[in-house]
Amino acid sequence: MKFKGIAASPGVAIGRAYLISEESYCVIKRAVGSGQVKKEVNRFKKAVGAVDGEFRQQREKVALEMGKTYARLFDAYSLILKDPLFYKDTIKIISEEQVNVEYALQTVIDRITKTFSILDDEYMRDRIRDVQDVGNRVMRVLLGHEHVSMLDIQRRVVLVAHALHPSDTVEMKKENVIGFVTDVGGKTSHVVIMAESLEIPAVVGLKRITRHVSPGDLLIIDGDTGFVHVNPDPDTVRSYRKKKRRQEARKKELVKLRDRPSVMRCGTGIELTVNIESSREVSAVREYGAAGVGLYRTEYLYINRKELPVEEEIYENMKKVADECYPHNAVIRTVDLGADKMSEQLGIKPEGTPFMGMRGIRLCLAYPGLFKTQLRAILRASVKKNVSIMYPMITGIKELRAANHILREVCEELDNGGIEYDRDIKTGVMIETPAAVMDIEGISAAADFLSIGTNDLIQYTLAVDRVSDSVSHLYNPSDLAILRMIEKAINGASRAGKPIGMCGEMASERLYTELLIGMGLRSFSMSGIAVPAIKHLIINTGLEKCRQLAERVMGASDTEEVMDILKENRETRNF
Ligand code: PEP
Ligand code: MG
């Protein structure tokens with residue numbers, strides 16, 4: 001059997017299926033006498049205590065294996081255990097209805113699921129999954145079932161699950177979890193971002209894969225095309241083994257390029273930098289021979305934790321990135337909270353369309369205390385002069401001026417306190433909204449550099465939710481509307497004499513590299529793993545060829561023609 005889902009994390013994995021079953025408990029309502037109520041409440045409290053203990057242990061294990069940022073997910077889980085909607089309400093049902101704890105707990109899980117699933121919002125759906133995950137853990141303890149931790153998996157397996165939770169992903173060990181497939185999910189969910197950085201192939205959004213796979217089935221996952229084969233015939237296995245061997249050999253070959261400069265045959269240099277999500281990942285700069293960090297997404301310092309980080313913690317984190325990157329530059333993006341990355345501590349009420357709501361720079365300008373704390377920390381980490389600041393989600397010059405105004409205030413405070421920082425620090429702007437493209441001249445005049453964020457630019461230009469699997473077929477970087485946006489941004493920045501790069505996912509796709517160079521782009525930022533293949537392409541191509549390609553593509557009459565030209569170009573490449 002063959003299934004097609006969303007290609008989420010690249011590479012091929014061949015292995016036996018390990019099913020993470022959705023918990024299906026048979027919970028029976030049992031009346032307990034008034035004398036039994038206390039006993040049931042105590043059973044609940046004991047189970048909650050046991051699960052809290054499990055979370056603490058997992059937190060420590062994950063902190064050791066993956067770092068503190070990921071480990072903080074377990075703080076959020078502990079918070080759910082204590083949340084009155086979860087904790088007090090379960091006790092209330094036991095006491096008032098005089099029923100068994102399992103029934104009371106199931107009622108609470110169902111109630112929370114029902115209340116929040118009315119909101120058609122990916123972020124809230126993730127939170128519901130968290131509550132279900134926590135609730136199921138408590139139920140397991142009550143029913144005497146064991147918890148399957150990803151850290152306990154001792155064989156090399158392919159995980160098959162309806163949904164994976166961030167707490168599962170952070171526990172995954174690359175040695176044992178060789179790939180995963182899920183029924184639900186979109187390409188830019190947290191789970192997928194982590195899988196990519198762990199280099200675990202994954203296909204998501206397969207709808208009903210869990211119904212078609214049994215434990216021990218042989219699976220082939222193709223994270224490049226989104227195909228999943230269940231119990232394939234020997235010929236298919238052979239051809240995928242070949243593909244996998246080819247990929248591994250190619251990877252080894254490409255690693256040799258690490259110390260080669262990223263320069264085209266004609267002598268034109270192209271800057272390749274990495275995108276990172278946590279300070280630990282800064283090692284990718286050296287590992288993949290990149291020219292620094294082109295985008296540090298700092299949100300992971302803020303989400304899934306009890307309190308907002310204090311200046312000292314942010315400073316240590318930024319300093320680690322700056323120091324390990326040195327002498328290369330690190331572009332630190334100010335926190336892009338909101339939408340699918342919300343910090344609970346801010347108490348922002350759920351929004352109907354969160355991607356259009358309180359997000360990115362808007363949120364920072366509305367919470368100047370939070371913004372200033374981060375700016376202070378970034379500035380303090382800039383003493384070696386290898387740090388730049390970048391603002392996310394700018395929609396116009398007014399926001400840019402407001403952000404720069406706050407930055408100047410923070411600089412003055414540091415001056416008054418005699419605290420050192422880089423007085424010539426560069427400030428850049430993410431070009432990721434159509435409004436920013438339309439005023440590229442104004443923004444370029446007021447910024448030191450620009451970086452095109454195609455992940456959001458595509459979603460806002462084409463009105464396609466970037467995390468929804470139902471409209472993912474419409475999310476197309478080759479769309480002429482997108483290419484014209486990019487062309488306008490590059491030309492506007494060039495006229496103003498300001499450097500412009502790209503840090504959205506499109507920058508890591510070989511299909512577009514030559515086109516983008518031909519359009520005038522000279523700087524690309526991407527996940528570390530993508531760097532060697534892009535560098536290989538750059539070394540083997542030339543500016544004239546790229547320009548001719550760009551001319552043909554931009555002269556196309558529709559998106560279909562664009563895609564035909566790009567595919568033809570890919571097929572005629574012999575590297
Ligand atoms: C983008 O929008 O392209 C981008 C790089 O930012 P993020 O994916 O973090 O929204
Ligand atoms: Mg973005």
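Read the numbers this way: they start at 1 and go in the same order the structure lists the ligands and their atoms. Since the structure is predicted, the reported quantities are computational estimates derived from the model, not experimental observations. Residues: numbered from 1 along the sequence shown.
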Polar contact flag for Thr454 and ligand 1 (N/O pairs, less than 3.5 Å): yes
Does the side chain of Tyr296 come under 3.5 Å of the side chain of Ser279 through a donor N or O and an acceptor N or O? no
What is the distance from atom CG of Leu474 to atom CG of Leu462, rounded to the nearest 0.5 Å? 8.5 Å
Salt bridge flag under 4.0 Å for residues Glu505 and Arg466: no
Calculate, to the nearest 0.5 Å, the distance between atoms CG and OG1 belonging to Asn329 and Thr273 respectively. 9.0 Å
Arg359: numbered ligand 1 atoms lying under 4.0 Å from its heavy atoms: 10 (O)
For Arg333, is the nearest heavy atom under 4.0 Å from an atom of ligand 1? yes
Does His328 reach the side chain of Asn386, with side-chain heavy atoms less than 4.5 Å apart? no
Using a strict threshold of under 4.0 Å (side-chain N to carboxylate O), is an ion pair present between Glu312 and Arg380? yes
With a cut-off of 2.8 Å, does any N, O or S atom of Asp456 fall short of it relative to the Mg ion (ligand 2)? yes
Contact with ligand 1 for Met390, non-hydrogen, under 4.0 angstrom: no
Are any of the N or O atoms of Glu432 closer than 3.5 Å to those of ligand 1? yes
Run the numbers for me: atoms of ligand 1, each under 4.0 Å from some heavy atom of Arg466, listed by number. 2 (O), 7 (P), 8 (O), 10 (O)
Qualifying residue for side chain to side chain contact (heavy atoms under 4.5 Å, CB included) with Tyr288, from Leu254, Leu257, Ile529: Ile529
Glu432, N/O/S atom nearest the Mg ion (ligand 2): OE1
Salt-bridge contact Arg297-Asp336 (side-chain N to carboxylate O under 4.0 Å): no
Return the residue, atom name and 0.1 Å-rounded distance of the protein heavy atom closest to atom 9 (O) of ligand 1. Arg297 NE, 2.7 Å
Contact between Met430 and ligand 1, counting heavy atoms under 4.0 Å? yes
Per-atom filter on ligand 1: closer than 4.0 angstrom to a heavy atom of Leu295 are 5 (C)
